[in-house]
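Below is one structure, written out as structure tokens; comments come after it.
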Protein chains: 2
Amino acid sequence: MAKTKRVLALFLRFLAIGATIAAVIVMVTSHESSQVLDLTFTAKYSDDKAFKYFVIAEAIACAYSLIVLFTCSQSSLARLILILDVVIAMVLSSSVSAAVAIAHVGKKGNSHAGWLPICGQVPKFCDHVTGALVAAFAAAIIYFLLIFSTLYSAQNPLFL
Amino acid sequence: MAKTKRVLALFLRFLAIGATIAAVIVMVTSHESSQVLDLTFTAKYSDDKAFKYFVIAEAIACAYSLIVLFTCSQSSLARLILILDVVIAMVLSSSVSAAVAIAHVGKKGNSHAGWLPICGQVPKFCDHVTGALVAAFAAAIIYFLLIFSTLYSAQNPLFL
């Protein structure tokens, strides 16, 4: 039982690392230029603070999971790791949502505020961002599953 | 010790309810019209999906904490409540971030995408949104403290 639990945690940790690396790479390589009325319009992730936060948050989550994977086998650290997993899950879900909010304006615009959509001009950029968002959403779900499995599989009643 | 823990949890739960109610009320009442070149420009929270999501998420968190406060005194539900606290903390942090991302564009604009700031036209709307964001950020922190205190104060080592 303890071994199955450990294998599941390792598997989820690897999945989380894969998903966060994919999110960072796909977002960082989302760069496209297009010609609009003699003007060159360039879209890149670093143009928006939400996308920058997204990349930083995913990179931190990835580094954290790598550190946990290669250094912490002591069960005395289980409680600390669980608390840090909660922090990372919150950071990941916040970074995905901030990026989704901006991506939605980029795709649909906001007629009330007069913000026009830009995905018509830079469709490849938008595809990259969408891919990064899907990977990051998966990473947030995986972190929740990690927390859930840790809490669910603790064999004794936890709390007084 | 067990009593102190319970009082702290109750206190944090009340704080969370207060913060989420404040966030919902301040956001829902953020409504302002202004005259721009003979056109009436109206800003309200329901113009943007991120703000709608924000209101729904804060309301769900508030309702959840009320239900926990008035129905669950059994310690057998402690594990379920902890898992739901994690879900709510993730939902809250995501709703705050989505709203912050849009509010930032509303305040500063995004010159790369050609999105102009709107806070010059509707400053009171922006003040309301800022207030709601501060309350919601506090609520997310309080939920994290709830989770932290539950995990930290469990007296036995939790995990195999």
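Computed from heavy atoms alone, side chains included, the values below leave out hydrogens, waters and symmetry copies. Convention: sequence-line order gives letters A, B, ...; per-chain numbering from 1.
With a threshold of 4.5 angstrom between heavy atoms, Ala50(B) approaches chain A through side-chain atoms but not through N, CA, C or O. With a 4.5 angstrom heavy-atom cutoff, Lys49(A) touches chain B only via side-chain atoms. Neither the backbone nor the side chain of Lys44(B) comes within contact range of chain A; no heavy atoms are under 4.5 Å apart. Proximity to chain A is limited to the side chain of Asn110(B), based on heavy atoms less than 4.5 angstrom apart. Heavy atoms closer than 4.5 Å to chain A are found nowhere in Val100(B), neither backbone nor side chain. With a 4.5 angstrom heavy-atom cutoff, Ile118(B) touches chain A only via side-chain atoms.
For the pair Phe144(B)/Ile83(A), a side-chain contact is recorded, criterion being any heavy-atom separation below 4.5 Å from C-beta on. At least one side-chain heavy atom of Ile102(B) sits less than 4.5 Å from a side-chain heavy atom of Trp115(A). Using a 4.5 Å heavy-atom threshold, the side chains of Leu82(A) and Ile147(B) count as separate.
Hydrophobic cluster membership is shared by Tyr45(A) and Phe54(A), with clusters built from Ile, Leu, Val, Met, Phe, Trp and Tyr side chains linked at under 4.5 angstrom. Cluster annotation: Val26(B) is not connected to Ile21(B) through the hydrophobic network of ILVMFWY side chains, with a link wherever side-chain heavy atoms come within less than 4.5 Å. Hydrophobic cluster membership is shared by Ile88(B) and Leu145(B), with clusters built from Ile, Leu, Val, Met, Phe, Trp and Tyr side chains linked at under 4.5 angstrom. When the side chains of ILVMFWY residues are joined at heavy-atom separations under 4.5 Å, either directly or via intervening members, Ile81(A) and Leu8(A) end up in a single hydrophobic cluster. Hydrophobic cluster membership differs between Val7(A) and Phe14(A), with clusters built from Ile, Leu, Val, Met, Phe, Trp and Tyr side chains linked at under 4.5 angstrom.
Within 6.0 Å of atom OH in Tyr53(B), more than 12 heavy atoms from other residues, nucleotides or ligands are found, so the atom counts as buried in its surroundings.
Going from atom OG of Ser46(B) over to atom NE2 of His112(A) covers 7.5 Å, rounded to the nearest 0.5 Å. Atom OG of Ser97(A) and atom CG of Leu92(B) lie 11.0 Å apart (nearest 0.5 Å).
Ranking Val122(A), Leu116(A), Val91(A) against chain B, the residue ahead of the rest is Leu116(A), based on heavy-atom pairs under 4.5 Å. Between chain B and the residues Gly114(A), Ala99(A), Ala101(A), Ser111(A), the largest count of heavy-atom pairs under 4.5 Å involves Ala101(A).
Counting all heavy atoms, side chain and backbone alike, Met90(B) lies closest to Ser93(A) at O-OG, 3.2 Å.
Ser94(A) and Ser94(B) share no side-chain donor-acceptor pair at under 3.5 Å.
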